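Report on the structure given below.
Both backbone and side-chain heavy atoms feed into the values below; hydrogens, waters and symmetry mates do not. All of these numbers come straight from a predicted model, not from anything done at the bench.
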Amino acid sequence: MSILYVNQIKRAIETIYKGIIDLSDYDGKKQDEKKDAFLTRALCAYSIQSLTGAEPIDIVKCITDGFDDNGIDAIYYKEEANTLFLVQSKWNHTGTKSPELGAVDKFITGITDIISFRFEKFNKKIKEMQNDLEEILCKKGLKIKVLLAYTGPQLSKHVKDKIESFLETQNSSNELFYFENINQGKLLMFLHKGLNENVDLDGVILSEWGKKETPHLAYSGFVDGMQIANWWSDHGVNLFSRNIRMLLADSDINEEIKETILKEPDMFWYYNNGITMICESIGKRVANGSERNYGMFDCKNISIINGAQTVGTIGKYAESTGLDKAQKKLEKINVQLRIISTSSSEFKQEEILIDRITKSNNRQNKIENRDFVSLDINQKTIKNELSLLKINYYVMRSEEIVIDEKSFDLVESTRSLSNALNITASTLVHREPSKIWSDINHDRYKSLFSKSAIYIWNIVQCQRIIDNVLKEVKGNCKGEDKAIISYGEDFISCLMFNKIKTRVSNNIIGIDEVFNGIDIKNYILEVRDLLKNEIKRIGKGVPTVFKNYTDCENMHDKLVEM
């Protein structure tokens, strides 16, 4: 049966990708070789398409398969999810084989080279991505999804062990890498569901439901978590076909949703903004009496246009736990649901209506942890004191923020103060700054901002001087040297603050005087070279080391006396 399934996959990807995949590097080669190259690249693209919903014409631009690809067949970045996809694909005509260990080992080595900025080892396609990749790899909160796409039924034990060992090493400090096993079964699931299939949800049960008839028919009420988990199980990301954000990668919001499921399912409704669903039509099933405690609705061609994180997190929780085990928690969850019908005899421009509803529901600003900092009276005091010195300090998020020689914001002050405090705070601000702002009563926050306004401004100015030199050094570095400066900028800043912070006072000072007698550039270069040896000794990837508290503390203790 494997050959039958492989042929189904083959027909599907040929239909989508025929004529749009670059095969110019196979000109003059045998037809069979060219065909195999097409299938390998199409399989690679289809895997990305299935997971992200991206357009095929955009995905094919990210295919890197070819000579000197070092096992990496595609590199795709999904900006709204802050997720980088690194893909290896293996086409096997019989559909019976696992990818070979040697090929997977090469893939893992290639990934390690990518995150270490060793681009000189790659082909022209990947080298052309270098500038963008260096910027992406240094983004806060980045997730890297490692995809292995193949037509066989499962991975061999040796390949599984290799991948698990890699993930364990790289994720020793926090979850940075995620593995997606795109085998024959997963590919068939993608085919059967279809990327743009119409999704009908029949028998949606709403409790305490209400109805709005004009100008467009709509119902609202509560659904329990089990219904949502079943929607996800049956339809996956197809539930979000019109959602402009789709489902984001694991994030602080997703973690908070999951924490509520596990610890406070009864409070879910109070903490959650709910779900908005549009559909072609809504049919209410006839029930005895006129009670509105419960109603059952049939919804045709639906799309969840707001609440994708809620649905996806509930669905993934049930998926990983098992529906039976998750049932007890999920039945306690109530989620607000709005269902809006977009069909109307009086409204001929249905697509315009759909777009307007979708955009309006997604325009609402997300409340981030940093927004809660504006409630801290101490921040208001800092802001007021600085304003007397004609210095603008922006605490709240705003499009009007201007950063210049007399202005800075909460993000800059948090990073600068963390690097000046100690290596633990510096590591935290590097890996998850939003955690600092999540609780203004916690010591990790108070220890930063229980300082005078002038001291904070002095520290920010010192950080700017350090950053300017780091930027200069980074511009003259390549490969692993550049990776160490890029990922280690906060670590290096922390070391520099150890040398100068006794010179920083609560008074207005000449910042240049703080660095008197210190050759910042030479110091950074010395630290970089020592860090290279330390990272080699530790045996982990460069980004992983600088997110690990223990590794950073040990390296800091060795280098602090320089």
Output yes when Lys540 and Asp551 qualify as a salt bridge under the 4.0 Å nitrogen-oxygen rule, no when they do not. yes

Is there a donor-acceptor contact under 3.5 Å from the side chain of Thr52 to the main chain of Ala54? yes

N/O donor-acceptor pair under 3.5 Å between Asp105 side chain and Leu101 backbone: no

So, the side chain of Asp36 versus the backbone of Leu39: is there a donor-acceptor pair under 3.5 Å, distance only? no

Let's go through Asp73 and Lys90 carefully: what are the C-alpha distance in whole Å and the side-chain angles of both, what is the deciding distance for salt bridge (charged side-chain N to carboxylate O under 4.0 Å, His left out) to 0.1 Å, and is it a yes or a no? CA-CA 10 Å; Asp73 296 327; Lys90 295 296 174 187; 5.2 Å; no

Measure the OG1-CD1 distance between Thr64 and Ile114 for me, rounded to the nearest 0.5 Å. 8.0 Å

Can you measure from OG (Ser320) to NZ (Lys316) and round to the nearest 0.5 angstrom? 10.0 Å

Would you mind reporting whether Ile59 and Tyr46 have side-chain heavy atoms less than 4.5 Å apart? no

Would you say Glu14 has more than 12 foreign heavy atoms packed within less than 6.0 Å of its CD? yes

Quick one: does Phe491's side chain get under 4.5 Å of His430's, heavy atoms only? no

With Asp490 as partner, the option from Lys547, Arg431, Lys140 fulfilling salt bridge (charged side-chain N to carboxylate O under 4.0 Å, His left out) is Lys140

Side chains of Thr313 and Thr310: closer than 4.5 Å at any heavy-atom pair? no

Short side-chain to backbone donor-acceptor contact, Asp409 and Ile403, under 3.5 Å: no

Using the six-membered ring wherever Trp is involved, compare the ring planes of Trp91 and His93 and label them parallel, tilted or perpendicular (cut-offs 30° and 60°). perpendicular

Do the non-hydrogen side-chain atoms of Leu239 and Met277 ever get within less than 4.5 Å of each other? no

pair Glu480-Ile484: side-chain heavy atoms closer than 4.5 Å: yes

Gap between atom SG of Cys44 and atom CD1 of Ile182 - 0.5 Å precision: 10.5 Å

Under 3.5 Å donor-acceptor, Ser493 side chain and Asn419 backbone: no

Just so I know, are the side chains of Ile278 and Ile302 near enough to count as touching, which here means a heavy-atom distance under 4.5 Å? no

Compute whether any side-chain donor of one residue and acceptor of the other, for Asn468 and Glu472, lie under 3.5 angstrom apart. no

Please confirm whether the backbone N or O of Gln227 pairs with a side-chain atom of Asn230, one donor and one acceptor, at under 3.5 Å? no

With a 3.5 Å distance limit and no angle check, can you tell me whether Ser233 reaches the backbone of Ala229 through a side-chain donor-acceptor pair? no

Would Cys477 and Arg528 count as a side chain to side chain contact (heavy atoms under 4.5 Å, CB included) if you check the C-alpha gap in whole Å, the side-chain angles of each, and the deciding distance to 0.1 Å? CA-CA 11 Å; Cys477 289; Arg528 181 202 66 191; 3.3 Å; yes

Go through the side-chain N and O atoms of Asn82 and Tyr77 and say whether any donor and acceptor fall under 3.5 Å apart. yes

CA sep, side-chain torsions, deciding dist, call: Lys30, Glu33, salt bridge (charged side-chain N to carboxylate O under 4.0 Å, His left out): CA-CA 5 Å; Lys30 294 178 181 179; Glu33 291 179 2; 5.2 Å; no

Inspect the surroundings of NZ in Lys162 and state if more than 12 heavy atoms from other residues, nucleotides or ligands are less than 6.0 Å away. no

Audit row: Thr112, Arg118, side chain to side chain contact (heavy atoms under 4.5 Å, CB included) steps and yes/no: CA-CA 9 Å; Thr112 305; Arg118 293 192 282 260; 3.7 Å; yes

Under 3.5 Å, is there a donor-acceptor pair between the Tyr17 and Gln49 side chains? yes

May I ask you to decide whether Asp467 forms a salt bridge with Arg415, counting only side-chain N to carboxylate O separations under 4.0 Å? yes

Interatomic distance, Trp232 atom CH2 to Glu319 atom CD [nearest 0.5 angstrom]: 7.0 Å

Take a 6.0 Å sphere around CD of Glu120 and say whether it holds more than 12 heavy atoms from other residues, nucleotides or ligands. yes

Side chain of Asn301, backbone of Cys279: donor and acceptor closer than 3.5 Å? no

Cationic tip of Lys35 within the cone over Phe38's six-membered ring, i.e. under 6.0 Å and within 45° of the normal? no

Passes salt bridge (charged side-chain N to carboxylate O under 4.0 Å, His left out), Arg464 versus Glu412? Steps please. CA-CA 9 Å; Arg464 288 180 175 182; Glu412 191 175 8; 2.6 Å; yes

Would you find a donor on one side and an acceptor on the other, under 3.5 Å apart, between the side chain of Gln184 and the backbone of Thr151? yes

Do the non-hydrogen side-chain atoms of Phe117 and Val542 ever get within less than 4.5 Å of each other? no

Where do Phe546 and Tyr487 land on the ring pair (Phe, Tyr, Trp, His ring centres under 6.0 Å) test, with the steps shown first? CA-CA 7 Å; Phe546 288 114; Tyr487 294 119; 7.4 Å; no

Do Tyr150 and Asn181 have side-chain atoms, one donor and one acceptor, less than 3.5 Å apart? yes

Given Met555 and Ile538, is the side chain to side chain contact (heavy atoms under 4.5 Å, CB included) satisfied, shown in steps? CA-CA 10 Å; Met555 292 191 302; Ile538 293 169; 4.0 Å; yes

Are Lys300 and Asp202 within salt-bridge range, i.e. N to O under 4.0 Å? yes

Applying the salt bridge (charged side-chain N to carboxylate O under 4.0 Å, His left out) criterion to Asp25, which one of Arg41, Lys34, Lys124 satisfies it? Arg41

NZ (Lys97) and CG (Asn92) are apart, to the nearest 0.5 Å, by 5.5 Å

Contact summary for Ala103 and Gln88, nearest pair of heavy atoms: O-NE2, 3.0 Å

Given Leu155, Ile163, Thr109, the one that forms side-chain contact (heavy atoms from CB on, under 4.5 Å) with Val104: Ile163

Does a donor on one side chain and an acceptor on the other come within less than 3.5 Å for Gln170 and Thr544? yes

Evaluate the criterion salt bridge (charged side-chain N to carboxylate O under 4.0 Å, His left out) for residue pair Lys145 and Glu180; output intermediate values, then yes/no. CA-CA 7 Å; Lys145 186 155 279 192; Glu180 191 84 32; 3.7 Å; yes

Test Thr83 against Tyr178 for side chain to side chain contact (heavy atoms under 4.5 Å, CB included), laying out the working first. CA-CA 10 Å; Thr83 300; Tyr178 296 82; over 6 Å; no

OG1 of Thr276 to CD1 of Ile304: how many Å apart, nearest 0.5 Å? 9.5 Å

pair Leu147-Phe179: side-chain heavy atoms closer than 4.5 Å: no

Kindly say whether Thr40 contributes a backbone atom to a donor-acceptor pair with the side chain of Ser89 at under 3.5 angstrom? yes

